[in-house]
Amino acid sequence: MATYQKDAALHELTTSIVTCQPVTSLPESHRSILKGAEEDSFVITTTDTIFHPQGGGQPSDVGFMHVDAAEASIFEVTGARKLPDNQIYHVGKLLAAVPLNPGQPIIQKIDSQKRNYHSRYHTAGHIISIAVKQLHETIGPVSELKANHAPGMAFVEFRGLIGGEHKAAIQGRSNELVRRNLPVNVYWLDEAKAKESGVAFAEGFVMPDDGVLRVVDVEGIGAYPCGGTHLPMTLDIGEIVVRKITRKQGISKISYDIN
Ligand SMILES: [Zn+2]
C-alpha cells in the first residue's frame with residue numbers, strides 16, 4: 001500500500017487505483033481522520049503516491065488525478081491524509097462519472113506552486129533552527145521541540161527562553177544562511193548511522209518501526225530527521241522574516257514568514 005516515500009521532486013506520477021469509495025462508506029475511525037471532508041467527497045487509494053499528506057507540521061499537497069494525461073482531470077484531490085497503517089487517503093471530488101476500478105492506471109499531478117510554497121516555509125523552519133543553534137553563545141542553551149510550517153501560522157518552538165532582543169540576530173543569521181545557497185539533501189539512515197552523523201533529534205522523537213530515518217541535511221550546517229518536502233538549495237527559500245518571539249512556561253516560539 002502506498003506510503004509517501006517518493007522523490008519529493010516528482011510532481012507527476014503514473015500509478016494505479018487500489019480503492020475508490022465515498023467518504024460516507026468508510027468506517028467511523030477512518031472518517032474521524034478526515035474531519036472536515038464534505039459528505040459528497042470520495043477517497044482514493046493508489047499503489048504509490050506523490051501527494052505529501054498533512055503531517056510533520058506541513059500542510060497536505062493538493063492536485064488532480066487524470067485517466068489520460070491529455071484529458072481533463074477526473075478527480076480533484078483537496079487533501080491527503082496518512083492513516084495509522086501508513087496508507088494514504090486522497091480525499092476530494094469526482095469530476096466525471098468514470099468508473100475507477102482496482103488496478104486501473106491513474107496519473108497523479110500535484111499543484112506544484114502550492115507544493116513549492118509549502119517547501120519554502122518548511123525549509124525556512126530548519127534554517128531558523130540552525131541559526132538559533134549557531135547563536136547559542138548569545139541566546140543560551142535551548143532545544144528544539146516542534147515546528148509548524150503552515151503559511152501564515154509558521155513557527156519553530158524551543159524548550160528554554162529566547163529573549164525578544166534576539167529577534168534581529170536570528171533573522172539576520174537565517175538570511176545569511178539562505179544567501180550562502182547551500183544544498184539541501186535527503187538521506188535514509190539507520191539510528192546508529194544518524195547519531196554518528198550528528199543528526200539533531202527533537203525532544204520526544206520516536207524512531208519509526210522499521211528503524212530507518214529520513215534525514216534532511218542542510219549541507220555542512222545541520223541535519224534533522226524529517227519526512228517533509230524541502231527545496232534543493234537554500235536560496236530558493238527567499239527572505240525569512242521573524243515575526244515575533246513569544247515565551248510561555250519555559251517554551252519559546254519563533255513565528256516566521258517568508259517573502
Ligand atoms: Zn523538513
Side-chain angles (χ1 to χ4, degrees), residues 3-11 49-62 80-82 86 88 110 112 114-134 142-159 170 173-175 177-178 180-191 193-195 197-208 210 212-242 253-258:
T3 55
Y4 178 80
Q5 295 200 345
K6 273 282 162 192
D7 177 353
L10 268 183
H11 289 203
T49 188
I50 51 170
F51 281 86
H52 185 278
Q54 180 182 310
Q58 186 173 330
S60 167
D61 277 333
V62 296
R81 297 286 181 279
K82 189 178 189 174
N86 286 334
I88 307 290
I110 59 164
S112 296
K114 210 161 226 177
R115 158 69 74 86
N116 187 52
Y117 193 46
H118 293 162
S119 300
R120 287 174 60 205
Y121 264 99
H122 186 126
T123 312
H126 289 304
I127 293 294
I128 290 171
S129 296
I130 293 168
V132 167
K133 200 156 65 176
Q134 289 189 350
V142 294
S143 57
E144 192 176 338
L145 289 175
K146 61 173 182 175
N148 183 315
H149 310 297
M153 53 201 298
F155 65 80
V156 188
E157 228 172 53
F158 300 84
R159 183 176 303 288
I170 294 168
R173 178 61 65 96
S174 298
N175 286 311
L177 298 174
V178 166
R180 282 172 63 189
N181 203 19
L182 300 163
V184 181
N185 304 311
V186 170
Y187 301 103
W188 293 90
L189 302 175
D190 63 24
E191 191 176 4
K193 187 82 191 152
K195 285 187 172 153
S197 316
V199 171
F201 290 90
E203 207 176 299
F205 178 79
V206 180
M207 270 302 289
D210 63 3
V212 183
L213 281 177
R214 185 176 189 268
V215 170
V216 59
D217 176 49
V218 186
E219 206 167 282
I221 59 169
Y224 298 86
C226 187
T229 68
H230 308 94
L231 298 164
M233 303 293 288
T234 58
L235 198 57
D236 301 330
I237 294 170
E239 190 196 359
I240 297 175
V241 179
V242 174
K253 185 178 189 174
I254 301 179
S255 303
Y256 71 95
D257 258 317
I258 48 167

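Order of appearance sets the numbers: ligands from 1, and atoms from 1 within every ligand. In this text the structure is predicted, and so the values were computed from the model without any measurement.
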Test log, rule ring pair (Phe, Tyr, Trp, His ring centres under 6.0 Å), inputs H230 and H126 | CA-CA 10 Å; H230 308 94; H126 289 304; 5.1 Å; yes
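In this structure, the side chains of I254 and V242 come closer than 4.5 Å at one or more pairs of heavy atoms.
When the shell of 6.0 Å around CE of M153 is examined, it contains 12 or fewer heavy atoms from other residues, nucleotides or ligands.
Between the side chains of Y121 and D257, at least one donor-acceptor pair of N or O atoms lies under 3.5 Å. Side chain to side chain, N185 and E219 meet the donor-acceptor criterion of an N or O pair below 3.5 Å.
A side chain to side chain donor-acceptor pair (under 3.5 Å) with T229 is found for exactly one of H149, H122, R120, Q58, namely Q58.
Listed by chain and number, the protein N, O or S atoms at a distance under 2.8 Å from the Zn ion (ligand 1) are H122 NE2, H126 NE2, C226 SG, H230 NE2.
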